[in-house]
Amino acid sequence: MAEMTLMLPSGLEFGYYDSGMPPVPVFKTIFALHGYMFNAYAWKKMMPLVSRRNIRLVCINRRGYGKTSPLPFDQFPAPDKDNAKILKSIGLDILEFIHVFSREKALPLSEEQGGFALLFWSLGNLTGLSAVANIGNASEEVQATMSHLKALILHEPFQDTLGLPISKSFFCIDVLPMLPSDESRSFFQNWISSYFDHSAQALAEKRISNPNLTYGSASPFTPPSIYGVGSKEEHEKLFKQSGGVDMDETLGRFVDRDVIHENYKKAVFRSGLEEKTVLVISDRTPEMFLVTAWQVEQDGIKTIQVNGANHFAHWDFPEETLHAYLTVL
């Protein structure tokens with residue numbers, strides 16, 4: 001699966017993976033944004049499955065991942081900067097990519113033809129929801145393209161990406177500072193792609209405060225998804241980045257939570273998309289994703305559970321995860 005590139009009029013280059021045209025003239029397109037550390041190659045196993053469902057899947061590498069232009073270091077969020085403006089700018093760049101791609105590929109966008117959905121996985125919810133919240137600040141041409149947005153798919157956001165109250169400290173934030181820098185990211189890759197054996201009672205109770213879920217200890221019976229990635233070449237494709245991880249860490253640290261929460265509210269509840277938004281969650285994912293899903297459920301958003309899966313459901317369970325995505329289309 002080859003990463004392609006698209007140059008925007010601004011000179012910004014985006015890398016992406018594209019499943020290509022389905023074998024029908026009328027189809028829907030899903031534009032996907034990946035999370036932290038793992039790039040858009042994470043949807044590799046889903047790519048061969050979408051055409052038979054009359055779907056085109058376009059997985060975008062965010063700034064500093066894959067072949068996408070990195071955000072210059074002097075533009076990273078910092079305590080003395082307008083970090084809300086930086087997040088907004090990153091979101092507008094995503095909208096510009098969708099507009100240019102849709103025009104160049106002549107995507108069927110009208111009501112009769114199909115339109116498109118946006119899919120945000122994990123930390124991708126932070127920049128993705130910023131994009132949707134700022135449609136009104138884009139050019140008229142981009143706004144016209146975005147008027148064909150039909151649905152939002154929130155795949156395992158966590159509280160920081162929605163500006164929601166944190167019910168419990170994130171396990172890795174406690175552990176990572178204790179490790180040498182060259183080990184901390186490797187530890188995170190293993191932990192975040194692990195499987196967790198939460199009790200049936202805890203999953204049924206859906207308690208946001210003190211949820212009694214498995215917190216830091218991964219299952220000894222199912223290896224982490226990263227162990228099944230395969231060759232060194234596959235690992236390099238999945239983790240290829242040039243400053244994207246560093247950018248993400250500053251976004252999460254310095255953008256005000258109120259700004260993030262406002263983007264979530266505006267993108268989902270003030271856009272007319274509330275009834276066409278779904279949150280996809282797995283029952284063996286880390287605790288923070290489950291608690292976030294239950295919080296979003298209280299906001300009235302529909303959730304779909306992929307049973308037996310972890311945070312990498314689209315890698316280990318691509319067919320089941322695709323089915324969950326398509327419930328809103």
Side-chain angles (χ1 to χ4, degrees), residues 3 5 8 10-17 32-42 59-94 96-97 120-131 156-163 166 169-193 226 229 232 235-257 259-260 263 286 288-289 311-312:
E3 182 181 6
T5 59
L8 303 185
S10 64
L12 179 62
E13 186 173 50
F14 270 92
Y16 67 95
Y17 296 98
L33 288 178
H34 62 86
Y36 171 68
M37 203 172 290
F38 301 83
N39 63 36
Y41 195 72
C59 303
I60 307 166
N61 269 323
R62 300 189 294 107
R63 297 294 297 269
Y65 285 90
K67 295 180 179 179
T68 298
S69 304
L71 190 72
F73 181 76
D74 62 3
Q75 295 179 26
F76 277 25
D80 60 343
K81 293 184 179 178
D82 186 346
N83 298 310
K85 184 177 180 180
I86 294 172
L87 181 60
K88 173 183 173 182
S89 176
I90 292 171
L92 290 172
D93 289 336
I94 294 166
E96 184 73 15
F97 171 87
F120 312 136
W121 173 48
S122 198
L123 188 64
N125 282 273
L126 179 64
T127 49
L129 291 171
S130 172
E156 298 212 344
F158 56 98
Q159 291 152 329
D160 286 349
T161 65
L162 307 181
I166 297 177
S169 175
F170 178 19
F171 174 74
C172 272
I173 290 178
D174 296 333
V175 174
L176 292 182
M178 305 177 189
L179 300 174
S181 58
D182 60 343
E183 290 185 31
S184 62
R185 289 180 178 175
S186 177
F187 173 88
F188 176 83
Q189 293 164 7
N190 291 338
W191 181 82
I192 200 72
S193 69
I226 192 174
V229 169
K232 181 180 179 181
H235 276 260
E236 290 174 348
K237 288 180 179 178
L238 185 59
F239 297 114
K240 183 180 178 182
Q241 60 96 25
S242 55
V245 170
D246 296 324
M247 177 197 71
D248 283 343
E249 290 173 352
T250 61
L251 280 171
R253 189 178 308 132
F254 297 122
V255 178
D256 190 275
R257 294 184 73 87
V259 171
I260 296 170
N263 283 341
M288 61 181 183
F289 300 110
H311 192 50
F312 284 73

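Counting begins at 1 with the first residue of the sequence.
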Within the 4.5 Å heavy-atom criterion, are [X] and [Y] side-chain neighbours or not?
X: N83; Y: D256; answer: no
X: N39; Y: Q241; answer: no
X: I192; Y: F289; answer: yes
X: W191; Y: P286; answer: yes
X: L87; Y: L251; answer: yes
X: P157; Y: F120; answer: no

Search all heavy atoms of [X] against all heavy atoms of [Y] and return the closest pair with its distance.
X: T127; Y: I90; value: CG2-CG2, 3.7 Å
X: A131; Y: G91; value: CB-O, 3.3 Å
X: G35; Y: S122; value: CA-CB, 4.1 Å
X: F76; Y: G243; value: CZ-O, 3.8 Å

Please check this pair: side chain of [X] against backbone of [Y], looking for a donor-acceptor N/O pair closer than 3.5 Å.
X: T5; Y: F14; result: no
X: N125; Y: T161; result: no
X: K81; Y: D74; result: yes
X: R63; Y: G244; result: no

Measure the spacing between [atom1] of [X] and [atom2] of [Y] and express it to the nearest 0.5 Å.
X: D93; Y: S10; atom1: CG; atom2: OG; answer: 6.0 Å
X: H34; Y: R62; atom1: NE2; atom2: CZ; answer: 5.0 Å
X: Q189; Y: M37; atom1: CD; atom2: CE; answer: 5.5 Å
X: Y17; Y: K237; atom1: OH; atom2: NZ; answer: 7.0 Å
X: R257; Y: D160; atom1: CZ; atom2: CG; answer: 4.5 Å
X: L33; Y: C59; atom1: CG; atom2: SG; answer: 9.5 Å

| request: Kindly indicate, with the supporting measurements, whether the criterion side-chain contact (heavy atoms from CB on, under 4.5 Å) is fulfilled by Q75 and I86. | output: CA-CA 7 Å; Q75 295 179 26; I86 294 172; 5.7 Å; no

| field | Between S193 and H311, a side-chain donor and acceptor under 3.5 Å | value |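 Side chains of S193 and H311: no pair found under 3.5 Å.
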
| request: Verify whether one side chain among E3 and N61 offers a donor that lies under 3.5 Å from an acceptor in the other. | output: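 Yes, because at least one side-chain N or O of E3 sits under 3.5 Å from a partner of the opposite role on N61.
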
| message | Test side-chain contact (heavy atoms from CB on, under 4.5 Å) on R253 and E249; report intermediate values, then the result. | response | CA-CA 6 Å; R253 189 178 308 132; E249 290 173 352; 4.1 Å; yes

| Is any NZ, NE, NH1 or NH2 atom of the basic residue among D246 and R185 found under 4.0 Å from an Asp or Glu carboxylate oxygen of the other? |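 Counted as a salt bridge, because a side-chain N and a carboxylate O are separated by less than 4.0 Å.
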
| query | Of F38, Y65, F188, Y36, which is the lone residue that meets ring pair (Phe, Tyr, Trp, His ring centres under 6.0 Å) with F239? | reply |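 In the set F38, Y65, F188, Y36, the residue that makes a ring pair (Phe, Tyr, Trp, His ring centres under 6.0 Å) with F239 is F38.
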
